[in-house]
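As structure tokens, the structure follows; a few thoughts come after it.
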Amino acid sequence: MAARTFLRRTDTTWVQVTPEVLDTAAADAFLRTGQAGGVVLFVGITRRFTHGRETVKLSYDAYVPMAGQEMRRLASEAAQRWPVHRACLLHRVGAVPVAEASVVLGVACAHRAAAFAACRWLIDTLKAQVPIWKQETYADGSTEWVEGQG
Amino acid sequence: MAARTFLRRTDTTWVQVTPEVLDTAAADAFLRTGQAGGVVLFVGITRRFTHGRETVKLSYDAYVPMAGQEMRRLASEAAQRWPVHRACLLHRVGAVPVAEASVVLGVACAHRAAAFAACRWLIDTLKAQVPIWKQETYADGSTEWVEGQG
Amino acid sequence: MTDPAPRSSPRPAAEPVAVHVLLFSVLRENIGQPALQVDVPHPASVAALLEILEARYPPVASYRSVLRVAVNQAYAEEEAPLTAGDEVALITPVSGG
Amino acid sequence: MTDPAPRSSPRPAAEPVAVHVLLFSVLRENIGQPALQVDVPHPASVAALLEILEARYPPVASYRSVLRVAVNQAYAEEEAPLTAGDEVALITPVSGG
């Protein structure tokens, strides 16, 4: 049985892949530091309607240990590109009901411009690089593996 | 005695000016909806060091009723510019200790690009338009009213 | 032809407009009060009020170039007229967030 | 001059390289297995492995142009060599987030 969780947490970086509900408040608390003036959080949520089709369930498959390593790599790369004080990258796997979070990415920087840029880069790059796949289950019972733009 | 709080909360917009601690988890919960795929939150935090000077306390003065009205106006304007499903604009007034939040702004949109753009616009515009003023108290006991760029 | 007497007599001066001026942050601190009652001669406008305040309170003069004014909780232009009982706020550059 | 005999005899063929191939999402579903054991003839590379898989599994062939490969949990180029026991993952376009 392949690993279903990944967790590395230091004082400055928290990376986790887990089948459990993601805790935005814990992410926010982790990111708070007297050094940072701006925290930007991105929360990805299971949407009920996509192009008019109703989704009843999203399920995420992941190559968990590599996904965790890639997310750590993204955190380091973000910290090289922007003055990031703290970052968290949390991704849920398995079933994610509508309106629950599949991903929580957060960045704390001294100034807001860097925090926005780094958080946006993290989600864009995660969606292109991290080995996680989304399967939609539609209201008509059909399922589909969503393919990203690479 | 002037009003110290402002609160207007509908199904889609939550605007509040308050001397109480801001609750990021409540903001995140408010923003969740099956229509939105991306939530972006900005949390402004009291920074300990600014240009090398140590801040021990920030205190915010506000023209509370007008600040609330302006924040409502920003929420409507954001909803005209981007397809915003939900927005929250929460600002704390009075003393805000280091590492606590002075402002929480959140936007939920179907797609992340709009959510990032709208959230960034909200904080930039709030900082220029909303009648709230920050006073730094430094470690040497001196105080200073910070003046924004207008 | 004679002018009708009532029209040639001096018209009674219009009442000055009494407004409530709110001060915040650095202006409240430097002037030492949170609010002022000011009578603005007719026809009263934001500009006329600012002229009076500028003459009376040096801190208003020193912030004049960056000052914005809100009338009844909304930003107003300098030409905006004032009505008795208006709530006027002097807004120095804001720094919320 | 005579060639030394040992050098002219055929060299013993190198052992094929046995690797563990992991499948996810659409490939796992279409191939019907979460993992494959594959022997890649020497000299083994990612490209050589892909050639074998493409011939054996039509779903691999149909995703070949968009497929990325990870060796031991890191993305690898097609020229990358494979060693016995390597963990190789076939990565179709990802869609996390």
Side-chain angles (χ1 to χ4, degrees), chain A residues 22-52 54-58 85-86 96-113 115-124 126-127 134 146, chain B residues 21-52 54-58 85-86 96-113 115-124 126-127 134:
Chain A
L22 301 181
D23 185 344
T24 318
D28 177 46
F30 174 78
L31 295 167
R32 298 288 183 92
T33 153
Q35 295 177 290
V39 165
V40 174
L41 283 156
F42 174 79
V43 183
I45 291 176
T46 299
R47 201 165 50 214
R48 186 178 299 279
F49 290 97
T50 301
H51 306 307
E54 183 176 2
T55 297
V56 289
K57 196 180 80 171
L58 274 188
H85 287 300
R86 294 197 185 166
V96 182
V98 165
E100 292 195 13
S102 52
V103 65
V104 174
L105 301 178
V107 175
C109 296
H111 299 284
R112 69 187 184 282
F116 273 101
C119 188
R120 180 67 198 269
W121 180 86
L122 280 180
I123 179 62
D124 288 353
L126 180 148
K127 279 175 172 275
K134 172 161 63 179
V146 178
Chain B
V21 171
L22 301 181
D23 185 343
T24 318
D28 177 47
F30 174 78
L31 295 167
R32 299 288 184 92
T33 153
Q35 294 177 290
V39 165
V40 173
L41 282 156
F42 174 79
V43 183
I45 291 175
T46 298
R47 201 164 50 212
R48 186 177 297 278
F49 290 96
T50 301
H51 306 307
E54 184 177 0
T55 296
V56 290
K57 196 180 81 171
L58 274 189
H85 287 301
R86 295 199 184 164
V96 182
V98 165
E100 292 196 13
S102 52
V103 65
V104 174
L105 301 178
V107 175
C109 296
H111 299 284
R112 70 187 184 280
F116 273 102
C119 189
R120 179 69 199 267
W121 180 86
L122 280 180
I123 179 62
D124 288 353
L126 180 146
K127 280 175 172 276
K134 172 160 64 179

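Both backbone and side-chain heavy atoms feed into the values below; hydrogens, waters and symmetry mates do not. In the text below, chain A, chain B and the rest are named by the order of the sequence lines, each starting its count at 1.
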**Fill in**
Ranked by heavy-atom pairs below 4.5 Å to chain B, first place among A:Asp28, A:Val104, A:Ile45, A:Asp23 goes to A:Ile45
**Asked** Considering only heavy atoms, which portion of B:Ala27 lies under 4.5 Å from any heavy atom of chain A: side chain, backbone, both, or neither?
**Response** neither
**Message:** What part of A:Ala115 gets within 4.5 angstrom of chain B, counting heavy atoms only: side chain, backbone, both, or neither?
**Reply:** neither
**Message:** To check you understand the geometry: which heavy-atom pair defines the closest contact between B:Gly38 and A:Phe42, and what is its length?
**Reply:** CA-CE1, 3.9 Å
**Message:** For the CG atom of B:Leu41 and the OG1 atom of A:Thr24, what is their distance to the nearest 0.5 Å?
**Reply:** 8.0 Å
**Asked** Checking A:Asp124 against chain B: side chain, backbone, both or neither under 4.5 Å from a heavy atom?
**Response** both
**Complete:** Which of A:Val43, A:Val40, A:Leu105, A:Ile123 passes side chain to side chain contact (heavy atoms under 4.5 Å, CB included) with B:Val40? Answer is A:Val40
**Item:** Residue, of A:Glu100, A:His111, A:Gln35, that accumulates the most heavy atom pairs under 4.5 Å with chain B
**Value:** A:His111
**Complete:** Of the listed B:Ala101, B:Gly44, B:Ala108, the one with the largest count of heavy-atom pairs under 4.5 Å with chain A is B:Ala101
**Complete:** Rounding to 0.5 Å, atoms CZ (B:Arg32) and OG1 (A:Thr46) come to a distance of 9.5 Å
**Request:** Between chain B and each of A:Ala36, A:Ala113, A:Gly106, count heavy-atom pairs under 4.5 Å; write down the option with the most.
**Result:** A:Ala36
**Request:** Could you pull out the closest heavy-atom pair between B:Ala99 and A:Thr33, with the gap in Å?
**Result:** CB-C, 4.2 Å
**Item:** Note, A:Arg112 side chain near B:Lys127 side chain (heavy atom, < 4.5 Å)
**Value:** yes
